[in-house]
Asks: 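Mind having a look at this structure? Questions to follow.
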Amino acid sequence: MSSLLRNDLDVLPPLGTLARGEPIQVFAAPPGTPAKPQIARAMGIEMWDTAGNRYLDASSGPVACNLGYGNRRVLDALTSQAEAAAFANVSHFESKANRDFAERLAEAAGPGYERVFVVSGGSEANEAALKLARQIALSRGEASRWKVISRQPSYHGGTLGALAITGDPSAHAMFGPMLQEMPKVPAPVTYRIPDGLDEESWALKCAQDLEDRVVAEGPESVLAFIQEPVGGVSTGALVTPAAYMTRVREICDKYGILLIHDEVMSGGGRTGAFLSHDHWPDCRADLIVMAKGIGAGYLPLGLVLAPRDLVETVASGGGFLHGHTALGNPLSCAVGLAVLEETLERGLVERSAVLGAELKTRLWDMANRYPIIGDVRGKGLLMAVEFVADPATKRPFPIEAAVPAAVSRIAMQNGLILYTRRTNAGRDGDWVMVSPPLVTSDRELDEITDRLEKSLSQAEAEFSSLRKLGN
């Protein structure tokens, strides 16, 4: 197989072969697995390994590095704050960085999201949202409310609380005994819709399933419903149908249920709106969770956006009983503020909408020429392509073929970085995310799509024999 890369340095030892140490990948791969290339430097959307190979990051890492690498404004803010005070315990001090970040973020988010609870990442932020929702219910005298309904499939984090609301049966099979199982309802998928239904009728049925589940569980026991307005790796950038979003808000209002929007991957401008739920003005959430792009990969950062009145109720009733060591730390807040200002002042939200529309057109063009692609989904620069053995029947490849990982490997050999994570061990579909940084230029988009097309052509040839096989 031809490759754009060279390997003129000593090959790193395979994983698991040294007596001690080794990179974190040693926890995930069997001993003897070839080591990944070592990163040497990165700038913009380009990355170089220690062998001198150049890569284009077409996925923003794990759909997080919205500003690419080496952004001067962010690095200056990080350095300045680190030199002043890298850490300050919130039990003893507040920080100007925290105040400024919260004020600017609340302004960008709009009315109803006046308070910002800053943590270190998406899983932490979803955990915080669940605990805040519970304490809101207690402050209202609704102690019977504790169940959080979510969608199947879905992904809300790797910690046990976040995993309990994640719709991933394979993960639950492993960790189930350690979890408080939470109710699940079908996600309003737009690709494999049941026979006899179209996109809208299936979406409305999924919404009705939500209401039916609320009634079956007992409305007085249901605390919240959580969803991703635009999906991430669990649904391959599913764009939730508008009819569903409208009904969800109505159902939550009808039964006094808090609506939580998980915007860990979709928030911060990636979908062409600062918050992805802004695409559906009649479905605004009660609580919003953000991470990934809000820190742009420069430091771990996550947060919960909440209304002023609900926070006041909790604070006046004894305070929010939750926290972590790095809670509201000034270094992360300084980075978050710099990322936010860079995103807004450079018009990157609007840029994401324009560039995303062009990318989507090009991906569909590839889908029409490469049968390995069954569907293209997403909004703005949160895009995914789903792989199938037969686009006419939407039949997926055999699970054991691990096609997304293979496509990612082929793309890496061609100097292109893609992101994939198999939901439910691949049983809910196979896709890769094509979600480059918001700072991607027109020329770089051309290069990304050229390298992606080369990779798809090679993958098409590699997996052509599997088209004759069923699952």
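The analysis underlying the following values was restricted to heavy atoms, covering all of them including side chains, and did not include hydrogens, waters or symmetry mates.
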Asks: Please check: side-chain N/O of Glu342 versus main-chain N/O of Arg346, any donor-acceptor pairing under 3.5 Å?
Replies: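 Absent.
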Asks: Say whether, by atom type as modelled, one donor and one acceptor occur between the side chain of Thr449 and the main chain of Asp446 under 3.5 angstrom.
Replies: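 Yes, because the side chain of Thr449 sits within donor-acceptor range (under 3.5 Å) of the backbone of Asp446.
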Asks: Any chance you could lay out the side-chain contact (heavy atoms from CB on, under 4.5 Å) test for Val264 and Ser123, step after step, and finish with the verdict?
Replies: CA-CA 9 Å; Val264 166; Ser123 295; over 6 Å; no
Asks: Quick one: do Arg104 and Asp100 satisfy salt bridge (Lys or Arg N to Asp or Glu O under 4.0 Å)? Show the steps, please.
Replies: CA-CA 6 Å; Arg104 190 72 180 91; Asp100 291 348; over 6 Å; no
Asks: Ser150 side chain to Ile165 main-chain N or O, any donor-acceptor pair under 3.5 Å?
Replies: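 Pair found, side chain donor or acceptor close to backbone of Ile165.
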Asks: When rounded to the nearest 0.5 angstrom, what distance separates CZ in Phe87 from OG in Ser332?
Replies: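 Answer rounded to 0.5 Å: 10.0 Å.
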Asks: Taking atom types as modelled, find out whether Arg270 and Ser60 have a side-chain donor-acceptor pair closer than 3.5 angstrom.
Replies: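 Indeed, the side chains of Arg270 and Ser60 share at least one donor-acceptor pair under 3.5 Å.
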Asks: Salt bridge (Lys or Arg N to Asp or Glu O under 4.0 Å) for Lys454 and Asp450? Distances and angles first, verdict last.
Replies: CA-CA 6 Å; Lys454 178 179 180 180; Asp450 287 346; over 6 Å; no
Asks: Hydrogens and angles aside, do Thr166 and Asp168 bring a side-chain donor and acceptor to less than 3.5 Å of each other?
Replies: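 Absent: no donor and acceptor within the cut-off.
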Asks: Is a side-chain N or O of Arg151 found less than 3.5 angstrom from the main chain of Glu228, in a donor-acceptor match?
Replies: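 Yes; judged by distance alone, with no hydrogens or angles, the pair exists.
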Asks: Under 4.0 Å between a Lys/Arg side-chain N and an Asp/Glu carboxylate O for Asp442 and Arg351?
Replies: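 Yes, charged N to carboxylate O under 4.0 Å.
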Asks: Determine whether a donor-acceptor pair (N or O, by modelled atom type, separation under 3.5 Å) exists between the side chain of Thr313 and the backbone of Asp309.
Replies: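 Flag set: sc Thr313 to bb Asp309 pair under 3.5 Å.
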Asks: Run the side chain to side chain donor-acceptor pair (under 3.5 Å) check on Thr159 and Glu127 step by step: do they pass?
Replies: CA-CA 8 Å; Thr159 52; Glu127 294 268 354; 2.7 Å; yes
Asks: When you measure from the side chain of Ser455 to the backbone of Arg451, do you find a donor-acceptor pair of N or O atoms at a distance under 3.5 Å?
Replies: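 Here the side-chain-to-backbone pair exists.
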Asks: Do Glu263 and Ser276 have a side chain donor and acceptor closer than 3.5 Å?
Replies: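 There is such a pair (donor and acceptor under 3.5 Å, judged by atom type) between the side chains of Glu263 and Ser276.
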Asks: Is any side-chain N of the basic residue among Arg284 and Asp278 closer than 4.0 Å to the acidic one's carboxylate O?
Replies: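 The answer is yes: the pair qualifies as a salt bridge.
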Asks: Here's a test for you: under side-chain contact (heavy atoms from CB on, under 4.5 Å), which of Met366, Lys360, Arg362 qualifies with Trp364?
Replies: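 One option only clears the test, and that one is Lys360.
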Asks: Is the shortest side-chain heavy-atom distance between Gln135 and Val314 below 4.5 Å?
Replies: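 A side-chain contact under 4.5 Å exists here.
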Asks: Treating Asn329 as the side-chain partner and Ala326 as the backbone partner, does any N or O pair qualify as donor plus acceptor under 3.5 Å?
Replies: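 Side chain of Asn329 to backbone of Ala326: a pair is present.
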Asks: Does Val434 form a side-chain contact (heavy atoms from CB on, under 4.5 Å) with Leu381? I'd like the steps, not just the answer.
Replies: CA-CA 8 Å; Val434 187; Leu381 286 176; over 6 Å; no
Asks: When you look at Ile288 and Val304, which way does the side-chain contact (heavy atoms from CB on, under 4.5 Å) test go after all the steps?
Replies: CA-CA 6 Å; Ile288 296 174; Val304 180; over 6 Å; no
Asks: Would Tyr298 and Tyr69 count as a close aromatic pair, with their ring centres under 6.0 Å?
Replies: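 Distance test on ring centres: not under 6.0 Å, no.
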Asks: Looking at side-chain heavy atoms only, is the closest gap between Trp202 and Val189 below 4.5 Å?
Replies: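 Yes, at least one pair of side-chain atoms sits under 4.5 Å.
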Asks: CG of Asn66 to CG of Leu438: how many Å apart, nearest 0.5 Å?
Replies: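 That separation rounds to 5.0 Å.
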Asks: Tell me whether Arg377 forms a cation-pi arrangement with Trp431, defined as NZ or CZ under 6.0 Å from the six-membered ring centre and within 45 degrees of its axis.
Replies: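 Yes, a cation-pi geometry holds between Arg377 and Trp431.
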Asks: For a 4.5 angstrom cut-off between non-hydrogen side-chain atoms, does Val233 reach Met265?
Replies: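 A side-chain contact under 4.5 Å exists here.
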Asks: I'd like to know if the side chain of Glu124 reaches the main chain of Ser120, judged simply by a donor and an acceptor atom lying under 3.5 Å from each other, with no hydrogens or angles considered.
Replies: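 Here the side-chain-to-backbone pair exists.
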Asks: Whether Glu312 and Arg308 form a salt bridge (side-chain N of Lys/Arg under 4.0 Å from carboxylate O of Asp/Glu) is what I want to check.
Replies: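 Yes, charged N to carboxylate O under 4.0 Å.
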Asks: With no hydrogens and no angle check, is any side-chain donor or acceptor of Asn126 less than 3.5 Å from a backbone partner on His156?
Replies: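 Yes: the side chain of Asn126 pairs with the backbone of His156.
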Asks: For the CG atom of Asp49 and the CZ atom of Arg54, what is their distance to the nearest 0.5 Å?
Replies: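 The CZ atom of Arg54 is 12.5 Å from CG of Asp49, to the nearest 0.5 Å.
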Asks: If we count only N and O atoms by modelled type, under 3.5 Å, do the side chains of Gln227 and His261 hold a donor and an acceptor together?
Replies: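 The criterion, which ignores hydrogens and geometry beyond distance, is satisfied for His261 and Gln227.
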Asks: Strictly below 4.0 Å, N to O, side chains only: are Arg99 and Glu103 in salt-bridge contact?
Replies: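 No, this pair does not count.
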Asks: Is there side-chain contact between Val185 and Phe225, with heavy atoms separated by less than 4.5 Å?
Replies: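 Side-chain contact under 4.5 Å: yes.
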Asks: Search all heavy atoms of Pro188 against all heavy atoms of Cys206 and return the closest pair with its distance.
Replies: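 It is CA-SG, 3.7 Å.
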Asks: Any salt bridge between Arg369 and Glu453, counting N to O under 4.0 Å?
Replies: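 Counted as a salt bridge, because a side-chain N and a carboxylate O are separated by less than 4.0 Å.
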Asks: Just so I know, are the side chains of Met47 and Asn53 near enough to count as touching, which here means a heavy-atom distance under 4.5 Å?
Replies: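 The answer is no, as the side chains (C-beta and beyond) never meet within the 4.5 Å cut-off.
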Asks: Just say parallel, tilted or perpendicular for the rings of His324 and His322, cut-offs at 30° and 60°.
Replies: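 Ring orientation, 0 to 90° scale: perpendicular.
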Asks: With a 4.5 Å cut-off on side-chain heavy atoms, are Leu363 and Leu452 touching?
Replies: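 Side chain of Leu452 against side chain of Leu363, heavy atoms only: contact under 4.5 Å found.
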Asks: Is it true that a side-chain atom of Asp428 and a backbone atom of Pro153 form a donor plus acceptor pair closer than 3.5 Å?
Replies: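 It does not hold such a pair.
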Asks: So, Thr361 and Glu358: side-chain donor and acceptor under 3.5 Å apart, yes or no?
Replies: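 Note: Thr361 and Glu358 side chains miss the donor-acceptor criterion.
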Asks: I would like to know whether Leu138 and Trp146 meet side-chain contact (heavy atoms from CB on, under 4.5 Å); could you show each step before the answer?
Replies: CA-CA 10 Å; Leu138 290 173; Trp146 61 273; over 6 Å; no
Asks: Looking at Arg134 and Glu142, does any basic side-chain N land under 4.0 Å from a carboxylate oxygen?
Replies: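 Salt bridge absent between Arg134 and Glu142.
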